[in-house]
There are 2 protein chains.
Amino acid sequence: MTTAAPAPVPASGGRDLPHPATGEIRLESVLHALSDPMRLRIVRELAAEGDELSCSQFGLPVTKSTTTHHFRVLREAGVIRQVYRGTAKMNGLRKDDLDDLFPGLLDGVLAAADRQALRLGDG
Amino acid sequence: MTTAAPAPVPASGGRDLPHPATGEIRLESVLHALSDPMRLRIVRELAAEGDELSCSQFGLPVTKSTTTHHFRVLREAGVIRQVYRGTAKMNGLRKDDLDDLFPGLLDGVLAAADRQALRLGDG
DNA sequence: CCCGTAGTACGACGAGTACCGTACGACCTG
DNA sequence: CAGGTCGTACGGTACTCGTCGTACTACGGG
């Protein structure tokens with residue numbers, strides 16, 4: 001009831017991605033997903049934009065294959081939601097679900113990341 | 001400047017452990033350290049006790065070697081502080097340093113862990 | 001001094017992961 | 001339909017990690 005819509009034939013073709021239900025999200029998986037610099041960077045950009053972004057819009061310094069891999073890890077951990085929109089795959093933060101499950105966690109991590117970026121002159 | 005005392009011959013023998021200075025703590029390392037169930041369990045117990053505990057007091061379901069490994073990871077990530085006290089090695093959470101560096105992060109993770117433990121009937 | 005206890009060091013092993021390249025599939029546009 | 005773009009799948013490689021066992025060191029007590 002919380003999430004996990006039965007995917008009633010999305011608007012696009014018939015391509016839908018498997019997402020964990022809200023209740024299935026494990027804290028350890030979220031922390032692990034966020035502990036990779038590349039993925040933390042993705043999540044930070046996503047949070048900064050506040051909207052959905054396509055995979056190729058992040059300008060990550062890795063190949064497409066690796067990019068796909070990182071987005072998959074984030075999706076399977078329940079951190080992001082992915083939806084096809086034509087040929088592009090739009091990525092959105094699952095902030096609502098995460099906040100419902102672990103209030104303050106995402107904001108805490110994001111604030112910590114911002115703080116560290118500032119401290120290291122990377123912000 | 002903040003921490004990293006020059007270790008002026010501790011009270012015990014001459015055994016001191018290398019800890020990262022407060023400014024050297026990296027968010028990714030902290031998240032990675034916390035993303036392991038065994039280590040998250042250690043940190044939760046440490047936070048619940050609020051005081052220093054020896055390594056052997058945690059009754060972890062792994063061997064001594066593995067226990068040593070996990071405590072080392074936590075120490076090198078800057079999550080805990082370890083001090084020798086006779087033959088025992090006392091472990092304490094670096095809550096002050098962590099809160100100074102990443103306000104709300106540790107509390108957020110701890111709260112999330114409590115919540116999940118309750119939800120899964122493990123608390 | 002000898003022994004027991006607490007923890008370390010080192011080597012090993014299996015599993016997972018971050019990365020790549022290439023080949024492929026899905027979709028839009030001409 | 002042909003071609004271009006976006007992303008996937010698969011296979012491979014090198015590295016990390018969690019775990020163990022055994023041998024070892026440090027400290028305290030009889």
Side-chain angles (χ1 to χ4, degrees), chain A residues 7 9-19 26 28-43 46 52-77 79-92, chain B residues 7 9-19 26 28-43 46 52-77 79-92:
Chain A
V9 183
S12 209
R15 285 195 290 172
D16 57 335
L17 291 313
H19 291 76
R26 300 288 266 102
E28 296 90 331
S29 304
V30 172
L31 293 179
H32 172 247
L34 261 28
S35 73
D36 182 272
M38 209 66 67
R39 291 193 292 258
L40 184 56
R41 171 173 165 171
I42 292 173
V43 171
L46 229 30
E52 297 187 323
L53 289 174
S54 76
C55 291
S56 53
Q57 243 161 326
F58 291 85
L60 297 177
V62 291
T63 64
K64 283 194 300 178
S65 312
T66 306
T67 300
T68 296
H69 163 67
H70 284 308
F71 277 104
R72 179 205 293 266
V73 171
L74 285 170
R75 187 189 70 234
E76 291 182 345
V79 178
I80 65 172
R81 189 179 285 112
Q82 298 189 292
V83 184
Y84 278 105
R85 193 184 191 84
T87 86
K89 190 162 68 171
M90 306 309 286
N91 304 278
Chain B
V9 184
S12 210
R15 284 196 292 171
D16 57 335
L17 291 313
H19 291 75
R26 299 288 267 102
E28 296 91 331
S29 304
V30 172
L31 293 178
H32 172 247
L34 261 29
S35 74
D36 181 271
M38 209 66 68
R39 290 193 292 260
L40 185 55
R41 170 173 166 171
I42 291 173
V43 170
L46 229 31
E52 296 187 325
L53 289 175
S54 76
C55 291
S56 52
Q57 243 160 326
F58 290 85
L60 297 177
V62 290
T63 64
K64 283 194 301 178
S65 311
T66 307
T67 301
T68 296
H69 165 68
H70 284 310
F71 277 105
R72 180 206 293 268
V73 172
L74 285 171
R75 187 189 70 235
E76 292 183 343
V79 178
I80 65 172
R81 189 179 285 113
Q82 298 189 292
V83 184
Y84 278 107
R85 192 185 191 83
T87 86
K89 190 161 70 172
M90 307 309 287
N91 305 277

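Side chains included, hydrogens not; waters and symmetry mates left out as well; all remaining heavy atoms used. Letters go in sequence order (proteins before strands), and every chain restarts at 1.
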K.L.:
Side chain of B:Met38 only, heavy atoms from C-beta on: which candidate in C:dA9, D:dT19, D:dC6 is closest?
P.N.:
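It is D:dT19.
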K.L.:
Without decimals, in angstroms, what is the distance between A:His70 NE2 and C:dT17 C1'?
P.N.:
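Result: 9 Å.
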K.L.:
Between A:Arg85 and C:dC27, is there a contact of a side-chain N or O with OP1 or OP2 at under 4.0 Å?
P.N.:
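Checking A:Arg85 against C:dC27: no side-chain N or O falls below 4.0 Å of OP1 or OP2.
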K.L.:
Using a cut-off of strictly less than 4.0 Å, decide whether B:Thr63 has a side-chain nitrogen or oxygen near OP1 or OP2 of D:dC20.
P.N.:
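Affirmative; the distance criterion is met.
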K.L.:
Is B:Thr68 close enough to C:dT8 that one of its side-chain N or O atoms is under 4.0 Å from OP1 or OP2 there?
P.N.:
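It does, given that an N or O in the side chain of B:Thr68 lies less than 4.0 Å from OP1 or OP2 of C:dT8.
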K.L.:
Is A:Thr66 near enough to C:dC20 that one of its side-chain N or O atoms lies under 4.0 angstrom from OP1 or OP2?
P.N.:
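Yes, within the criterion.
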K.L.:
Quick one: closest heavy-atom pair of B:Gln82 and B:Cys55, and the distance?
P.N.:
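Looking at all heavy atoms of both residues, the closest pair is NE2-SG, 4.2 Å.
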K.L.:
Quick one: label A:Ser56 by what it contacts on the DNA or RNA (base, sugar-phosphate, nothing), any heavy atom closer than 4.0 Å.
P.N.:
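The residue A:Ser56 makes sugar-phosphate contact but no base contact.
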K.L.:
Could you tell me how far apart B:His69 (NE2) and C:dA15 (C1') are, to the nearest whole angstrom?
P.N.:
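B:His69 atom NE2 is separated from C:dA15 atom C1' by 13 Å.
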K.L.:
By nearest atom, which of the nucleotides D:dG7, C:dT8, D:dG18 is closest to the B:Lys89 side chain?
P.N.:
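The answer is C:dT8, which lies nearest to the side chain.
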K.L.:
Starting at CD of B:Glu76 and ending at P of D:dG18, how long is that distance when rounded to a whole Å?
P.N.:
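About 12 Å, once rounded to whole Å.
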K.L.:
I need the OH-P distance between B:Tyr84 and C:dG7, as an integer number of Å.
P.N.:
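Computing the B:Tyr84:OH to C:dG7:P distance gives 9 Å.
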K.L.:
Round to a whole Å and report the spacing from CZ of B:Phe71 to P of D:dT19.
P.N.:
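Rounded to whole Å, this separation is 13 Å.
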K.L.:
For the pair made of NE2 in B:His32 and C1' in C:dT17, what is the distance, rounded to whole Å?
P.N.:
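These atoms are roughly 10 Å apart.
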